[in-house]
Amino acid sequence: MTSHRLPVQPGELIDRDDLVDFRWNGVEHGGFAGDTIASALAAGGVEVFSRSFKYRRPRGILTADFHDPNLFVQVGDEPNVRAGHRRLAPGMNVTAQGTWPSLEFDARAANRIVGRFLSPGFYYKTFISPASLRSTYQRILRRFGAGGKIDPATPPAHAGKRFAHPDVLVAGGGPAGMAAALAASHRGARVMLVEENHRLGGHLLYGGPDAAPPLAELCAQIEADDAIEVLTDSVVSGRYDHNWVGVVERHGGEEHLVKARAKCLVVAAGKIERPFVFAGNDLPGVMLSGAVSRLINLYSVAPGTRVVVATANESGDAAIADLERAGVEVAEVADLRRSSSQLVRAIGKGKLEAVELSGGRKVEADLLVTAVGWTTPTSLLNMAGDRPVYDPAAARFLPGDLPQDVLAAGGIVGDGPVESIVEHGRFVGFEAGRRALTTRAAWQRLTPRAEPSDEVAAESTDIPELPAAGHPELFAGPTDGFVDFSEDVKGSDVAMAVAEGYDSMELAKRYTTATMGPIQGKLGGVNAVAVHAAAAAATIEATGTTSWRPPYAPITLGALAGVDEDPVRYSPMHDWHVANGATPIVAGQWIRPDHYGDPSREVLNTRSNVGIIDASPLGKIDLRGRDVTKLLDFVYTNRWESLRVGAVRYGVMCAEDGVVFDDGVTARLEADRYYMTTTSGGAGRVWNWLDEWLQTSFPTWDVRTTAVTDGYAAMNVAGPRSRELLERVASEVDLSAESFAYMNGRVATVAGVTDCIILRIGFTGELSYEVHVPAGYGLHVWQSLLDAGSDLGIAPFGLEAQRIMRLEKGHFLVGQDTDGLTKAHTAGVGGLIKVDKADFSGKPELLWEGESGAPRRLVALQPVDGSVVPPEASQIVDSATEVSRTIGRVTSSRMSPTLGRSICLAIVDTPYGEGGATLTVRLPEGRDIAATVLDHHVHLDPEGERLRG
Amino acid sequence: MLVIVCPHCGPRNSNEFSFLGERSSRPAVATTTPDEWRRYLYTKDNAAGSQLERWFHVSGCRRFLDVERDTVTNEIRSVRDVAEDAR
């Protein structure tokens, strides 16, 4: 069908009966199922896939796999798709990304001429001054970004995450990883085997006919083993403390995160082939030996017609055999194992035309293959604390010391024929299984009530050595070429960084950005170290690698974000609110009615008739036991011993630094039974606080705490006619003022529902009853109260009306009128601080604050012009001095419908907070207004006649 | 994500717990001085190495635990229920 496709190859992955049509830069192309985007394009004669990051040089296939820096393309809406890895799918719309105006002609290629502006550190050197031009620089530089385009209109994808608990997790599904997985499984371990490619097999897949039988056998065994979960097209992205391992499962363009806790991790990541640094090493037509073997054996694509091979190892030799078998003319083989043989430069304009070898000899070719050595992807080992060691004899870094729960297997450790690699993997897997099962048994023993697991034989297996084969140290030739293809960093750039004083590799890396592109140094990292070492006249051992950090391979943000699973809480009456026109407001985790149309009218109706508010989010804690009073005495600042059965008391809780962190009321319902309410946001915090003191300081006290916030629906019935209303629906309780006075609580039956708790308290400042109802009956009681009060003028009110009424009454809200520095005296509750108690939380700080006087105080404030409502957080200033000084701020402000004027709470420096003082409030627009400090916090009914009636 | 072996629940991920910081002992309230009290509130050893710290198994058994952890290696050497010791 196309000129570059070879006849059927023995191990090819393509299905020649399944034709796949797709588009490349708007032109129709064809490929086969099983092709990658890159192999289909290469079969169709495409040579240039991208333009390079800085110099916009044309780039072609380099490695033909996931790590190919030159094969980033856009597929539909998805940018940065790796064309050497992504499988072709019908109808794919593939485009080159970041090219301008087109892949064939990129205007920015002129950079090659002005390249000196793009030297290392060019951002620091070039685009700093003048400052007035920085936004222009930014606009132009944006154009140079290599990334593709996303369409903001694309609907978001929600990538769920999952957890996994394998005994052994094997990273890498080549022969060593497969053998390790099988051996661990035979030992009784549950195994997760993760492979980056679409199929297991690693280098055996493209190893030619000899590799096929061992691969088939390993695959058959894995297939038959139910204890091995295989994840292909997936990658282990990171290893964290205690073998917490991130795995990214890919499904085409979708990614899902697997969070695995592995008892033992086996790293069988193999080896990554390293490019060679020489002039022209990025010309299309210059490839690594692995790319050639992949193209021929996996996809039956001829990578060129006339080839020069520069080889120093068996991978290059295998590529020669593959090329010959494919009928490519091998013009010249430069055996770099012989010192007389040198690769000098690749020559060509836009694509390879000839290769210059030792002695200035030029050979015409459209394909140059290099095989000069390996990088060991030690990333996961680094993350486990290992510092890899450079072995000059093998010309690569090798694993050093590993922790007990991490093992390395196969090519990352050493070299050998397939049988040796498999053998090594088998031993490692066997030992990994033992270690994992030992941990499993230990964890089982440590789990109370768990079934004991079988004991594991304790003897460890000696893992045979897998020595690394000798290899000449080949990093850079006599000419200058690219060290990092993704970032367009040359050997001379690294050398310049050294000359400028960046003698540490870690600093030179950041300065030149070598290894900091999307390939993360997997290809060029060791070359950068070698070039740096040469420029600094140091050894590679002394220079060391840069740190590999997670993620091993890029992860989409969507996979990390996962699905939004924040809980949202609704009261049992929520549906009623929706049906009755409530405007909702998000209050912490809760969705609450803010108002039902007109909060002012809701206030006036409550103050003159009766209103009802859904208070279900209130924190509620059931306290039982003989020593509850002691606990209350400790966590609240005031005194609780005298609280008799049937009484309710208000209290303020302070942390050990004296700062107010919650407030609420607690009722004593029976001798040993109490009912505590907290702020809505503080419910969990207070419960934890009580348990912390009980467990850590008072473990002998007889107190049981139970959080019952969701167990009770709560509603506050407030207003002068609230008693009349409640009398119609409540039974087994005397609601008369004499027997059920203010600050009392009773257990009663309401609308036929037994075990309701009624607290007569007054956050709104009105005669009011907080009715707590077993949650399942919440809506019934709510509806019954509304029905029973229709002739009394009952109407629901929302959060906003409640906020207005509490402000009219001068009640502060923790977190609104107080902050993380507001101690109890500052909040104006000094009368509730009983420092003659032996001990309570925060006592020393409050004692000292009382003695020295609070530096600031909470005051009620009324603007002189009552029509102006200063916005919350308006500054209060002392403008008597030349430069006006901030002396406080407005913490709450509203227009009071009851008083017909604006009212505020404010925190001010103590000397300014005397009753009757006039202060200056600076509005956000800059205008100053005058406001008067009241003698107390209360704007409405300071005598509390409404409340106590 | 660490594994903390809760004495009541067994090995659990550390995100089930909340971390309450280094263990510090509360001075005697009757005799304490501002210096001593504020050392208790704010001054931490921040050791590089073994550290006794308090964790709360908030999404598990709700017990408060004393955990001995190596802050360099994250090795957890012991986990005890605070109340067992305090009793």
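Sequence lines set the chain letters: A, B, ... in the order given, protein chains first and strands last, and positions in each chain run from 1.
Neither the backbone nor the side chain of B:P27 comes within contact range of chain A; no heavy atoms are under 4.5 Å apart. For B:D66, no part sits under 4.5 Å from any heavy atom of chain A, backbone or side chain. With a threshold of 4.5 angstrom between heavy atoms, B:F64 approaches chain A through its backbone and through its side chain. Proximity to chain A is absent for every atom of B:S18, based on heavy atoms less than 4.5 angstrom apart. Residue A:A442: no heavy atom, backbone or side chain, is found under 4.5 Å from chain B. In this structure, the portion of A:W848 lying under 4.5 Å from any heavy atom of chain B is its side chain and not its backbone. For A:F698, no part lies near chain B; criterion is any non-hydrogen pair under 4.5 Å.
The backbone N or O of B:A83 sits nowhere less than 3.5 Å from a side-chain atom of A:Q695 that would complete a donor-acceptor pair. Checked by atom type and distance alone, the side chain of A:H242 pairs as donor or acceptor with a backbone atom of B:N74 at under 3.5 Å. Checked by atom type and distance alone, the side chain of B:R26 never pairs as donor or acceptor with a backbone atom of A:S697 at under 3.5 Å.
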Does the pair B:M1 and A:Y240 meet the rule for a side chain to side chain contact (heavy atoms under 4.5 Å, CB included), with working shown? CA-CA 7 Å; B:M1 173 97 68; A:Y240 306 87; over 6 Å; no
Please step through side chain to side chain contact (heavy atoms under 4.5 Å, CB included) for the pair A:W244 and B:V3, ending with a clear verdict. CA-CA 9 Å; A:W244 182 245; B:V3 173; over 6 Å; no
Can you list the steps and then say if A:E692 with B:L20 is a side chain to side chain contact (heavy atoms under 4.5 Å, CB included)? CA-CA 10 Å; A:E692 181 173 358; B:L20 304 178; 4.0 Å; yes
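Taking chain A as the reference chain and counting heavy-atom pairs below 4.5 Å, the highest number among B:E75, B:R12, B:R38 is found for B:R38.
In terms of heavy atoms, A:R449 sits closest to B:H8 at NH2-O, 3.8 Å. Heavy atoms only, all atoms of each residue included: A:A838 and B:V29 are closest at O-CG1, 4.1 Å. Minimum heavy-atom separation, B:V58 to A:N688: CG2-ND2, 4.0 Å. The nearest pair of heavy atoms linking B:C9 to A:T447 is O-CG2, 3.7 Å.
In this structure, OG1 in B:T32 is found 10.5 Å from CG in A:L847, a value given to the nearest 0.5 Å.
Heavy-atom neighbours of A:R626 CZ from other residues, nucleotides or ligands within 6.0 Å: at or below the threshold of 12. Shown here is A:D836, whose CG atom has more than 12 heavy atoms of other residues, nucleotides or ligands within 6.0 Å. Counted within 6.0 Å of CZ on B:R80, heavy atoms from surrounding residues, nucleotides or ligands total 12 or fewer; the atom is thus considered open.
By the 4.5 Å heavy-atom criterion applied to side chains, B:R63 and A:D691 are not counted as neighbours.
Using non-hydrogen atoms only and a strict 4.5 Å limit, the part of residues 654-661 of chain A facing chain B consists of A:E656, A:D657. Within residues 39-53 of chain B, the residues that have a heavy atom under 4.5 Å from a heavy atom of chain A are B:Y40, B:L41, B:Y42, listed by number.
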